[in-house]
Q: 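This is the structure I want to talk about, given as structure tokens.
If you're wondering where the values come from, they're calculated on a predicted model, not measured in any experiment.
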Amino acid sequence: MARIALDQKEREFDPNIFLATIGDGRKLVAVLKKQRIYTQGDRADAVFYVQKGKVRLTVVSKSGKEATIGIVSERNFFGEGSLAGQLLRMGSAAAMTDCELLRVEKKVMMGALHREHAFSDMFVAYLLARNIRYEEDLVDQLFNSSEKRLARILLLLAHFGKETIPDAVVPQISQETLAEMIGSTRSRVSFFMNRFRKLGFIEYNGGLKVHSSLLNVVLHD
């Protein structure tokens, strides 16, 4: 009975409400589409929580080549490297859409994690899920074709496979960015996107709509 009550309490925990009530050290930030949130090399002194919109995470090599390493959607964190002793940002973050972000200072975030067990459990679960995603990305790059990698990225961007209802419509994203994310070229992405459209896996109707049938590309050997 106690376990059931605890499970119910954890399900009812709302990080939006909690983060809005932790007091000083937090700030709601409105960021316009394409605006930079932080830049590689900046001080890593805060964690961000996406309340609305989508954020693109990138990294630039010493030779100046930029690569997209992730897309962060609503109800997710980014910039959490500061909590692990990271002094400088290892990458950059920019708004893919108009965003509403909650900026929480490192010291305040650490205190909240120590005080609130439900919040700490949720945050750890988030980090574990993020780590699993990175492992899947690595396997994807090593063993799957660029066509399968593109299909998987589109499905992830459309939120397929999550408990919530799939978004289905992918935020506006260039073919160059998609090529960076799957380690291919823009021409190859264009070829596969046209193929997916002709097969009815995706459609352009005021945005890019992804159908569940695109899973056939990922699951087919």
Q: Is the shortest side-chain heavy-atom distance between V47 and K106 below 4.5 Å?
A: no
Q: Are L113 and V124 in one and the same hydrophobic cluster, where Ile, Leu, Val, Met, Phe, Trp and Tyr link if side-chain heavy atoms are under 4.5 Å apart?
A: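 No, no single cluster joins them.
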Q: So do the side chains of R89 and T39 get within less than 4.5 Å of each other, counting heavy atoms only?
A: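 When only atoms from C-beta onward are counted, T39 and R89 do not touch, as no gap falls below 4.5 Å.
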Q: Is the closest side-chain heavy-atom distance between V60 and S92 below 4.5 Å?
A: no
Q: Measuring from R43:CZ to L88:CG, what's the distance to the nearest 0.5 Å?
A: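 Rounded to the nearest 0.5 Å, the CZ-CG separation comes out at 9.0 Å.
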Q: If I compare all heavy atoms of T58 with all of I69, which pair ends up nearest, and what's the gap?
A: N-CG1, 4.2 Å
Q: Any side-chain to backbone donor/acceptor pair from N131 onto L127? Under 3.5 Å, distance only.
A: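 Not confirmed, N131 side chain does not pair with L127 backbone.
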Q: Passes side chain to side chain contact (heavy atoms under 4.5 Å, CB included), L57 versus T68? Steps please.
A: CA-CA 6 Å; L57 305 179; T68 299; over 6 Å; no
Q: Is there side-chain contact between V31 and E100, with at least one heavy-atom pair below 4.5 Å?
A: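 They are not in contact (no side-chain heavy atoms under 4.5 Å apart), so the answer is no.
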Q: Honestly curious: do Y204 and L214 fall in one hydrophobic cluster under the side-chain, below-4.5 Å linking rule?
A: yes
Q: Do F123 and M110 belong together in a cluster built from hydrophobic side chains that touch within less than 4.5 Å?
A: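 Yes; M110 is reachable from F123 via cluster members.
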Q: Show the numbers, then the answer: is there a side chain to side chain contact (heavy atoms under 4.5 Å, CB included) between E203 and F196?
A: CA-CA 8 Å; E203 63 178 286; F196 293 164; over 6 Å; no
Q: Just verifying a value: how many Å separate M122 CE and R75 CZ, rounded to the nearest 0.5 Å?
A: 8.5 Å
Q: Is it possible for you to say whether V72 and L178 belong to one hydrophobic cluster, with membership spreading through side-chain heavy-atom contacts below 4.5 Å?
A: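 No; tracing contacts between hydrophobic side chains, which count when under 4.5 Å, never links both residues.
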Q: Any luck finding a side-chain donor-acceptor pair between S174 and T177 under 3.5 Å?
A: yes
Q: How about CZ on R195, more than 12 heavy atoms from neighbouring residues, nucleotides or ligands closer than 6.0 Å, or not?
A: no
Q: Are F48 and F77 near enough that their ring centres are under 6.0 Å apart?
A: no
Q: Flag yes if L208 and L215 sit in one hydrophobic cluster, no otherwise; membership is Ile, Leu, Val, Met, Phe, Trp, Tyr, and two members link when side-chain heavy atoms are under 4.5 Å apart.
A: yes
Q: Does K209, at its NZ atom, have more than 12 non-hydrogen atoms belonging to other residues, nucleotides or ligands within less than 6.0 Å?
A: no
Q: At their closest point, which heavy atom of M90 faces which heavy atom of V59, and how far apart are they?
A: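 The pair with the smallest heavy-atom distance is O-CG2, 3.4 Å.
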Q: For residues L101 and Q51, determine if any side-chain heavy atom of one lies less than 4.5 Å from a side-chain heavy atom of the other.
A: no
Q: To the nearest 0.5 Å, what is the distance between CZ on R103 and CG on L28?
A: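 Output value for this atom pair is 12.5 Å.
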Q: Could you state the interatomic distance from CG (D98) to NZ (K34), rounded to the nearest 0.5 Å?
A: 11.5 Å
Q: For a 4.5 angstrom cut-off between non-hydrogen side-chain atoms, does F201 reach V210?
A: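 Sidechains of V210 and F201: no contact.
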Q: If every non-hydrogen atom of S82 is compared with every non-hydrogen atom of D45, which pair is closest and at what distance?
A: CB-N, 4.3 Å
Q: Kindly give the heavy-atom pair with the smallest separation between S73 and V50, and that separation in Å.
A: O-CB, 3.5 Å
Q: Give the minimum heavy-atom separation between H211 and L155, together with the two atoms involved.
A: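 What the structure gives for the nearest pair is O-CD2, 4.4 Å.
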Q: State the OH-CZ distance between Y49 and F78, to the nearest 0.5 angstrom.
A: 12.0 Å
Q: Would you give the length of the straight line joining atom CG of L102 to atom NZ of K27, rounded to the nearest 0.5 angstrom?
A: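 Going from CG on L102 over to NZ on K27, the span is 11.0 Å.
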Q: Strictly distance-based, threshold 3.5 Å: is any side-chain N or O of D42 a donor or acceptor partner for the main-chain N or O of Q40?
A: no
Q: Look only at the side chain of N194 and the backbone of F191, and say whether a donor-acceptor pair between them is shorter than 3.5 Å.
A: no
Q: With salt bridge (Lys or Arg N to Asp or Glu O under 4.0 Å) as the test, would you mind laying out the steps for R56 and E180 before giving the verdict?
A: CA-CA 12 Å; R56 177 188 176 198; E180 290 173 4; 2.9 Å; yes
Q: What verdict does the side chain to side chain contact (heavy atoms under 4.5 Å, CB included) test give for E74 and K52, after you've listed the backbone C-alpha separation in whole Å, the side-chain angles of each residue and the deciding distance to 0.1 Å?
A: CA-CA 5 Å; E74 295 174 6; K52 181 181 179 181; 3.9 Å; yes
Q: Please find the pair of heavy atoms, one from S146 and one from F192, that lie closest to each other, and give the distance.
A: OG-CE1, 3.3 Å
Q: Any non-hydrogen side-chain atom of I71 less than 4.5 Å from a side-chain atom of V55?
A: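 They are not in side-chain contact.
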